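Read through the structure below, which is laid out as structure tokens, and then see the notes.
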Amino acid sequence: MTKILRDVVYSVQDFLQIFGASQLFLMRILAGCPAAFLRPRLIIKQIHDSGVLSLAIIGISGFFVGMVLALQAYNSLARFGATESLGVLAALALTRELGPVVTALLFAGRAGTALASEIGLMRATDQLSGMELMAVDPVRRVVVPRFIGGVIAMPLLAAIFSAMGLFGAWLEGVVLLNVDEGAFWQQMRDQVDVYDDVLAGILKSFVFGIAASLLAVFEGYNSIPTAEGVSRATTRTVVLTALSVLVLNFMLTAMLIGEV
Amino acid sequence: MEAIEGAAAAPTGRSVDDNIIVIRDLHYSRGHRKIFDGLSLEIPKGRVTAIMGPSGTGKTTLLRLVTGQILPDQGSILVDGEDVVKMRRKELYEYRKRIGMLFQNGALLTDLSVYENVAFPLREHTRLPERLVRHIVLTKLHAVGLRGAWRMMPSELSGGMARRVALARAIAMDPDLILYDEPFVGLDPISMGVIVRLIRRMNDALGLTSIVVSHDVEEISSIADRTYLISDGRVVASGSPQDLQANCSAVVMQFMNGMADGPVPFHFPAPDYGEQLLGRED
């Protein structure tokens, strides 16, 4: 019993230590952000690496998620004779929840791991030490552009995910299951609110972008400079990002809806 | 011959102004292990100084202390009269602009070409026009014999070429002091000969001060003006390479002649062999 209690205390202590260190790291990153915008090329390259290179997985995933969503929803709605609501249901599910959350999870797996392992390997091969010895701050030169690139890329990717999801839902519902196309789009236009639904989804994906990018660069930068250390940092990036996104999603949803 | 034991090794009769680095009574521990125990040494200006010693003796750690990457537990590291230990972050970065360092593996930025690697410090610290950057980069690459490789990526370079590019990058800002961390490790004889020649030539042609950390006795002896041998956290001998060759101390003889056993034992400390085989050790 004492051992279990001690383990719990140590785990909480570890968590608080990492949380505190990551917040201090975030402060260092934020301090470096204004200067980073003076060198937009570095940021554009990172938007390309984190965003453009993730387009395929995001687009394909969004498309199939939309198709499955339409298929499942059609069968349930058909029982109540409400298949015309398929469009609005798919749009709300995608813009409010599935778009931001699934994109963040996929981002952690594709771009987050790439960021963590790249920075971890830079540490393991003395590239970061080399920069420090050339009087260049690696946080400002390496970490900040990657962080900003991730934060900018995430909402764009979430929007593309939702758009591809809607296309998948339209293909499945309208083309394959013969749902009325006018009702599909009209109900969506009437009931999807730009502020409550679309902007809320963008806000969520922006927050997820901060969390996912911060965890990836933090884990990579602080990884042990060995093959095992980089591997562990990469794994932790995915696990911690997934957990953080799910917890943050609940908190943001509760805040946006105003009820718990 | 100059071969002095321990902390007493530091004073050499040379005036302080002749030395670019003066280290006094340096203590540094990693965990419970003492790496330096009162180490003192001086690095003369404009010369090639070799720091030698068995593996794990703290040679690379010494370079990290000199560059302010880690702080000692006690002691001072004076570089041109300024104590690295007391420098603030901004002062440390200003100081680092005056030094170049060649890492064991080159530490080239893998996402940049050879040209961009050499241009990196210039782009970060100066606002020189692109034409001048190009001129400097090509001059530095020409000096190391790799002007023709300017378009290549680090992954396309051999170990020796990567180190030469790293050397070109290290001298891009025309430093006063250049530090070499095990520059000969893993090189074929031709590449090793090239690096040996470059270290000496760069030092003389550019008026640099060079510190070379190595345990390759033959190569380092051929270019060093002064040599320090470190063991057990202290300087155990210093002088010209010839002085060290003639030194009769057991530690120096073991190191210089590559003897497997001696003051640095062949066996890592272990319990009694027989007892351990019988499973009776604690």
Side-chain angles (χ1 to χ4, degrees), chain A residues 24-25 27-29 31-32 35-36 38-50 52-53 111 114-146 149 217 220-227 229-230, chain B residues 60-61 63-70 84 87 89-112 116-127 154-155 159 162-163 165-175 177-182:
Chain A
L24 288 175
F25 195 65
M27 293 298 122
R28 273 184 80 183
I29 291 173
L38 298 175
R39 300 173 76 178
R41 270 190 188 184
L42 293 176
I43 295 174
I44 291 167
K45 182 178 183 308
Q46 294 311 319
I47 294 174
H48 172 267
D49 289 356
S50 293
V52 178
L53 298 183
L115 285 177
S117 57
E118 185 189 13
I119 297 174
L121 278 172
M122 286 179 86
R123 178 163 293 293
T125 53
D126 285 331
Q127 293 181 53
L128 299 183
S129 301
M131 275 190 195
E132 279 180 358
L133 284 174
M134 286 187 276
V136 176
D137 183 357
V139 171
R140 293 190 177 217
R141 180 62 175 69
V142 174
V143 172
V144 172
R146 282 164 175 77
V217 294
Y221 194 79
N222 292 293
S223 63
I224 299 164
T226 59
V230 176
Chain B
T60 301
T61 305
L63 291 189
R64 296 187 69 201
L65 285 160
V66 167
T67 52
Q69 288 178 286
I70 49 175
V84 176
M87 283 182 187
R89 190 181 175 82
K90 202 175 172 189
E91 293 166 333
L92 201 57
Y93 271 32
E94 284 304 315
Y95 155 61
R96 285 177 184 167
K97 286 180 191 171
R98 290 161 35 214
I99 61 175
M101 177 147 173
L102 186 74
F103 283 85
Q104 224 176 89
N105 56 13
L108 294 176
L109 300 169
T110 45
D111 58 337
L112 300 181
E116 287 300 328
N117 260 288
V118 181
F120 183 81
L122 298 167
R123 293 201 200 286
E124 291 294 322
H125 297 306
T126 69
R127 293 186 184 278
S155 58
R163 246 166 270 187
V165 173
L167 182 53
R169 185 179 67 178
I171 57 169
M173 294 285 285
D174 293 328
L177 173 67
I178 186 156
L179 313 169
Y180 299 86
D181 185 11
E182 302 282 6

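Heavy atoms only: backbone and side chains are in, while hydrogens, waters and symmetry mates are out. All values reported here derive from a predicted model rather than from experimental measurement. Order of the sequence lines sets the chain letters (A, B, ...), proteins ahead of strands, with each chain counted from 1.
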Handout entry: A/Leu128 CG to B/Leu109 CG distance, which is reported to the nearest 0.5 Å
Key = 9.0 Å
Problem - Proximity breakdown for B/Leu92 and chain A, heavy-atom pairs closer than 4.5 Å - result: neither
Exercise for the section: Go through the structure and list residues passing side chain to side chain contact (heavy atoms under 4.5 Å, CB included) with A/Ala116, not counting sequence neighbours. Expected result: A/Thr237
Exercise for the section: Check whether more than 12 heavy atoms from other residues, nucleotides or ligands sit under 6.0 Å from atom CD1 of A/Ile224, and answer yes or no. Expected result: no
Problem - Heavy-atom pair count under 4.5 Å with chain A, highest-scoring of B/Ala107, B/Pro121, B/Gly100, B/Gly106 - result: B/Ala107
Between chain A and chain B, donor-acceptor distances below 3.5 angstrom:
unit_1: A/Arg39; atom_1: NH1; unit_2: B/Glu124; atom_2: OE1; d: 3.2
unit_1: A/Arg39; atom_1: NH1; unit_2: B/Glu124; atom_2: OE2; d: 3.3
unit_1: A/Arg39; atom_1: NH2; unit_2: B/Glu124; atom_2: OE2; d: 2.9
unit_1: A/Thr125; atom_1: O; unit_2: B/Asn105; atom_2: ND2; d: 3.4
unit_1: A/Gln127; atom_1: OE1; unit_2: B/Thr110; atom_2: N; d: 3.2
unit_1: A/Gln127; atom_1: NE2; unit_2: B/Thr110; atom_2: OG1; d: 3.3
unit_1: A/Glu132; atom_1: O; unit_2: B/Arg96; atom_2: NH1; d: 3.1
unit_1: A/Met134; atom_1: O; unit_2: B/His125; atom_2: NE2; d: 2.5
unit_1: A/Asp137; atom_1: OD2; unit_2: B/Arg89; atom_2: NH2; d: 3.4
unit_1: A/Arg141; atom_1: NE; unit_2: B/Glu124; atom_2: OE2; d: 2.8

